[in-house]
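What follows is a short report on a single structure.
The chain is numbered in sequence order, starting from 1. One-based numbering, in listed order, for ligands and for the atoms of each.
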Amino acid sequence: MRLQVFENYEEVSKAAAKIVASQIIVKPDCVLGLATGSTPVGMYRELCRMYRDGLLDFSAVTTFNLDEYYPIDRDNAQSYHTFMWENLFSHINVRKDAVHIPDGSALDAQTECDSYERVVTEKGVDLQILGIGQNGHIGFNEPDESLEVKTHVTALTDNTVHANSRFFESEEAVPKKALTMGIGTILAAKKIVLLACGKNKHDAIVGLLNGRVTTALPASFLNLHNDVIVICDKEAYEG
Ligand code: F6R
């Protein structure tokens with residue numbers, strides 16, 4: 001696992017965008033695994049700028065998002081579907097049919113997860129972008145006695161519901177479940193970049209970097225992968 005520590009959020013965002021840009025330049029028809037949440041917003045902004053400046057072409061890129069709330073309508077202002085179109089997809093030339101986000105409005109959540117897993121596994125992710133929860137979750141793989149390998153339906157922990165309530169009108173409005181890639185789906189990516197900013201991520205980053213694997217900190221499973229870069233700001237690294 002390689003570690004890069006930067007002064008602030010802006011620098012983290014630029015460094016992450018450079019890695020994504022290099023991936024697209026080296027392999028224009030690459031498959032990107034994408035995350036939502038506040039951390040990658042600056043990276044998406046930077047990628048949109050590179051596209052506007054004519055430096056990047058997304059026309060052959062395929063994307064798979066990590067997760068989506070369940071249940072939630074695509075058009076809900078807080079869905080990850082809306083987030084991705086607002087922060088990235090509407091501003092670049094990615095093909096609509098090349099974008100994949102778990103469908104939070106599917107009637108049968110498990111069937112949706114199974115078909116998502118099938119498609120993402122068939123395509124194969126070249127570069128997976130991750131954030132990390134304060135409790136060490138990646139995607140919505142929450143700390144537990146055991147972790148799911150494949151894309152699945154999961155219950156959000158109180159900690160995550162509370163952390164994400166900042167995007168909703170109230171804590172009660174946060175969906176209590178999600179559809180998420182599993183730990184195995186994430187580890188199948190060829191390359192993984194995890195971003196972390198702010199003091200509240202410090203404990204999770206310490207746990208991730210101590211080189212042990214535990215289901216109490218799902219991100220620690222990234223230690224089993226041979227091409228992971230952790231990019232964080234000083235606050236997340238030093239606490
Ligand atoms: C989002 C996701 C989550 C977030 C994590 C951190 O698609 O999978 O694991 O990456 O909750 O969220 P922020 O960046 O808002 O702190």
Please give the N or O to N or O pairs under 3.5 Å between ligand 1 and the protein, distances rounded to 0.1 Å.
unit_1: ligand 1; atom_1: 7 (O); unit_2: Thr36; atom_2: N; d: 2.9
unit_1: ligand 1; atom_1: 7 (O); unit_2: Thr36; atom_2: OG1; d: 2.8
unit_1: ligand 1; atom_1: 7 (O); unit_2: Asp67; atom_2: OD1; d: 2.7
unit_1: ligand 1; atom_1: 7 (O); unit_2: Asp67; atom_2: OD2; d: 3.4
unit_1: ligand 1; atom_1: 8 (O); unit_2: Asp67; atom_2: OD2; d: 2.6
unit_1: ligand 1; atom_1: 8 (O); unit_2: Gly139; atom_2: O; d: 3.4
unit_1: ligand 1; atom_1: 9 (O); unit_2: His137; atom_2: NE2; d: 3.4
unit_1: ligand 1; atom_1: 9 (O); unit_2: Gly139; atom_2: N; d: 3.4
unit_1: ligand 1; atom_1: 9 (O); unit_2: Gly139; atom_2: O; d: 2.7
unit_1: ligand 1; atom_1: 11 (O); unit_2: His137; atom_2: NE2; d: 2.6
unit_1: ligand 1; atom_1: 14 (O); unit_2: Ser38; atom_2: N; d: 3.3
unit_1: ligand 1; atom_1: 14 (O); unit_2: Thr39; atom_2: N; d: 2.9
unit_1: ligand 1; atom_1: 14 (O); unit_2: Thr39; atom_2: OG1; d: 2.4
unit_1: ligand 1; atom_1: 15 (O); unit_2: Ser38; atom_2: N; d: 2.8
unit_1: ligand 1; atom_1: 15 (O); unit_2: Ser38; atom_2: OG; d: 2.9
unit_1: ligand 1; atom_1: 15 (O); unit_2: Arg166; atom_2: NH2; d: 2.9
unit_1: ligand 1; atom_1: 16 (O); unit_2: Lys201; atom_2: NZ; d: 2.6

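- By the 30° and 60° cut-offs, the orientation of the rings of Phe83 relative to Tyr80 is perpendicular.
- Taking both residues in full, the closest heavy atoms of Pro218 and Asn135 are given as CD-O, 4.3 Å, listed atom of the first, atom of the second, then distance.
- Aromatic pair Phe6/Tyr237: ring centres not closer than 6.0 Å.
- Checked by atom type and distance alone, the side chain of Glu142 pairs as donor or acceptor with a backbone atom of Thr157 at under 3.5 Å.
- A side-chain hydrogen bond (donor to acceptor under 3.5 Å, both in side chains) check over residues 123-134, counting only residues at least two apart or in different chains, returns the pairs Lys27-Asp126, Asp126-Lys190.
- Side-chain atoms of Asn87 never come within 3.5 Å of backbone atoms of Met84 as a donor-acceptor pair (strictly under, hydrogens ignored).
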